[in-house]
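I have placed the structure first, in the form of structure tokens, so that the comments after it can refer back to it.
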Amino acid sequence: MDLKYSAEYEAFREEVKAFLENNWPLKGEEAKLRRHQQQALFRQRAVEVGYLYRSVPRQFGGSEQPADVLKGQIIREEFGRVRAPVELPGVGTAMLVPTLLQCGSDWQKEYFIPKTLSGEYLWAQGYSEPNAGSDLASVKTRAELKDGKWLINGQKIWSTLAQYARFMFVMVRSEPNAEPRHAGLSYILVDLKQPGVTIRPLKQITGGEEFCEVFFDNAETPEDWIVGKPGEGWAVSKATLSHERSALGGASGSVSLFEKLVALAKSVEINGEPAIVDPTIRRRLAVLDGYVSSHLYSSYRQLSMSVNQQDPGLVTSMNKLISTNIGHDVARLARDLIGDDLMLSPPQDRKKEDGNEKWINQFIGSLGIAIAGGTSNIQRNVIAERGLGLPRE
Amino acid sequence: MNFLLSQEQVEIQRAIAGFLSKSCPSTTLHEIYDREEPYEPSIWQGLIELGVGALIVPEAFGGLGMEMIDLALISEVLGANAAPVPLLGHALVTLAIMHGGSDDQKANWLPKLAAGEVVATVAFDEGGQTWLPEQWRLSSSTRLSGRKRFVPHGMQANLILVGLSGGGFALVDASAEGLSRCAQDGIDRTRPVAEFVFDQVVADPLPGAEGLAEKVRDAALVLLAADSFGGASRAVESAVSYATIREQFGQPIGRFQGLKHQLVNTAVEVEPSRGLYWFAAHAFDHIAGKAEHAAALAKAHLCDRYLQTARDTVEAHGGIGYTWECDVQIYVKRAMFNFAFMGQPAVHFDRAADLAGW
């Protein structure tokens, strides 16, 4: 057991640090560019030296590096330290690109991946329907092949930021008579900018509008915009979902959330004194620290095991539920720390001058984490059946 | 970075587990548990033969010169099997002599500890939850008078490490004149406790060293945390396995989502936390600045979770879980010991908060 990095990796860390020192923030004339232009320029340079999109081949705009989880970890740590732009967030880079790399055809990779990585193509996810939530295999949206085109009819829901997206990867029923149900599904790509598509943002519990309903009314997509073969959609989507789950389950997110909570406890007062000196608050923070530290060391262990081609077992299926539980605990403590600000509405756009009411976004948003990407109860079913080996219902 | 056990460490854990499954299976454990004096020297002797007694003893004194993480990994296996052996006292006495004994004391005791020729234990608590070095009041002198309680394996031990005021230590022979020992009716019969009354007892003080008492305290916290992880994991396994065998309404009860989710919630409380004791044990030898905090947090979190887990698994077993013959009762009681010994979780959560620098 050794928590230090070896000389080879410490040398790599120094390389990354030197790169960041020279390249972020941008200097001179480049510093006058608009924020998103600066970020794009920086990302391009970080890709050139091999620090971003490491698993994506060069020809598709990635940096094509051999898989090395430790290097990945060092890059995350060092980029985070100086708040340098990391890989673009969103379902396009996190879900579609890995799926195409695994299951896509050559032209699909060439056509979609580079512009997705650069941020030119934004994607929405089209899995859930009003009657297909946790039970994804019951998807009803139909796709029929007619005159060399897929004709799509139906409705998707909970598509994050679809109102800004150019394309959607959609789970459709293309083989209506197939048994079992999931053998009738296909994974197709659809251009959302067409007359047959209507997008309606849903106002959510926080007051924001991140999710959309998307209606398909004889929408069209070319025959070869299918990923995998007709009827393989279930398997194709599985590759994608496991990607999303590991991203949502990250322990580093729990650690930084906890650090923000400690900072909050230092900045607010209880009975005229900083809350952080209140014995009850200190005890509750320490109890939470027990969970957060467990999650962190557990992620070290999982990281080390995957480096050494070992299977961490049961705990990998637990990561999302653990992060979710920590989010709930943070929400309860934050609730008590912000006092009467609990009665305020949360700010919709992050600004530096936001008061403690910004914690309302976490207080309510932690519920969203418990639902998105597989609800906590679905997670419990998966842990019970695949992790603990209990009989299926 | 390599937060991983070595092949050797995995094999040691496997060897200890294999030995215990042969020498102390459930039926034997219950038989020992129900004895008037719940102790079976042959099990401890078997562990000594596997090198457990010599593990952290320096090679110069006939030991294996290994680290706290190795000892903690063994402690996890002992916890998983609720092994009725005096490892805790043995380890703490060994450490105290290694780091704070005189040359003579080291030469005299360490080889005997390594070879299992003495059964050693620690006498810390003086009543009213006085587990920590700064709370000890027994005066430091060559003649001891006063009282110590909850001495694990106190009736079986022949070498006692006594905690003294100011965080000092002295060694006492269990047969010394003026020492009266009385078995307490302890709930955890895998680690029976005794009360000691000292009346002008001749003692051999350790010269001590900077931070010795804190080191011994932290070792105790790490070992209790490791034992708790092992016990809690086994309790969960046991409940899961029962849920797959026990049938009601014509099917295994583990198929019902209500129980399934309860079992998952319990498992999620336990499985991720092994790294907490790994890190604390690793920090004990390698990261001085984090050792105290890590030990406090590991003890607080894991002993707290163990007791709750054990209680939950009783419920998951239904009526059978509430019986004396069910293994789970033994784990509940071992968890109760781990919860209170060396101070309750609340004490160590508060220490962890202070040590975190908040």
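For clarity, every value in this text was computed on a predicted model and none was experimentally measured. Letters A, B, ... are given to chains in the order of the sequence lines, protein chains preceding strands, and every chain is numbered from 1.
- Looking at heavy atoms from C-beta onward, B:Asp354 lies in side-chain contact with A:Arg282 at the 4.5 angstrom threshold.
- To the nearest 0.5 Å, the span separating CG on B:Leu276 from OG on A:Ser293 amounts to 6.0 Å.
- The most heavy-atom pairs under 4.5 Å with chain A, out of B:Ala352, B:Ala356, B:Pro272, B:Pro345, come from B:Pro272.
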After noting the C-alpha distance and the side-chain angles of A:Gln310 and B:Leu4, does the key distance pass the side-chain contact (heavy atoms from CB on, under 4.5 Å) rule? CA-CA 10 Å; A:Gln310 296 176 21; B:Leu4 204 61; 3.9 Å; yes
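- Contact of the B:Asn2 side chain with the A:Asn308 side chain is registered, since non-hydrogen atoms from C-beta on lie closer than 4.5 Å.
- Within residues 66-75 of chain B, the residues approaching chain A closer than 4.5 Å by heavy atoms are, in numerical order, B:Ile69.
- Between chain B and the residues A:Asn325, A:Leu321, A:Asp289, A:Ile383, the largest count of heavy-atom pairs under 4.5 Å involves A:Asp289.
- Ranked by non-hydrogen atom pairs under 4.5 Å with chain A, the options B:Gln9, B:Gln251, B:Arg305, B:His286 are led by B:Arg305.
- Of the listed residues (B:Ser6, B:Ala346, B:Gly275), the greatest number of heavy-atom pairs within a distance under 4.5 Å of chain A belongs to B:Ala346.
- Ranking B:Glu269, B:His348, B:Arg351, B:Lys260 against chain A, the residue ahead of the rest is B:Lys260, based on heavy-atom pairs under 4.5 Å.
- Looking at A:Met318, the atoms closer than 4.5 Å to chain B (heavy atoms on both sides) all sit in the side chain, from C-beta outward.
- In A:Lys260, the NZ atom is not crowded: 12 or fewer heavy atoms of neighbouring residues, nucleotides or ligands sit closer than 6.0 Å.
- Taking the six-membered ring where the residue is Trp, B:Phe3 and A:Tyr297 present tilted rings, their angle falling between 30° and 60°.
- Using a 4.5 Å cut-off between heavy atoms, A:Ile276 contacts chain B through its side chain alone, with no backbone atom that close.
- Scanning residues 218-243 of chain B against chain A with a 4.5 Å non-hydrogen threshold yields B:Val240, B:Ala243, sorted by number.
- Residue contact with chain A, scored on non-hydrogen atoms closer than 4.5 Å, involves the backbone and the side chain of B:Phe349 alike.
- In this structure, the side chains of A:Val287 and B:His301 stay at 4.5 Å or more apart for every pair of heavy atoms.
- No side-chain donor-acceptor contact under 3.5 Å links B:Arg255 to the backbone of A:Glu393.
- Within a 6.0 Å sphere centred on CD of B:Glu315, other residues, nucleotides and ligands contribute 12 heavy atoms or fewer.
- For B:Arg311, the CZ atom sits in a loose shell: 12 or fewer heavy atoms of surrounding residues, nucleotides or ligands are nearer than 6.0 Å.
- Note that OG1 of A:Thr316 and CD of B:Glu271 are 9.0 Å apart. Values are rounded to the nearest 0.5 Å.
- Taken to the nearest 0.5 Å, the CG atom of B:Leu297 stands 7.0 Å off from the OG atom of A:Ser294.
- Contacts of B:Leu302 with chain A are absent, with no heavy-atom separation under 4.5 Å from either backbone or side chain.
- Of the atoms belonging to A:Gln302, not a single heavy atom falls under 4.5 Å from chain B.
- Heavy atoms closer than 4.5 Å to chain A are found in both the backbone and the side chain of B:Ser273.
- Neither the backbone nor the side chain of A:Arg284 comes within less than 4.5 Å of any heavy atom of chain B.
- Here CH2 of B:Trp278 is found 14.0 Å from OH of A:Tyr300. Values are rounded to the nearest 0.5 Å.
- Proximity to chain B is limited to the side chain of A:Val262, based on heavy atoms less than 4.5 angstrom apart.
- Of the atoms belonging to B:Ala300, not a single heavy atom falls under 4.5 Å from chain A.
- A:Arg380 contributes atom CZ, which lies 12.0 Å from atom CG of B:Leu263 (distance to the nearest 0.5 angstrom).
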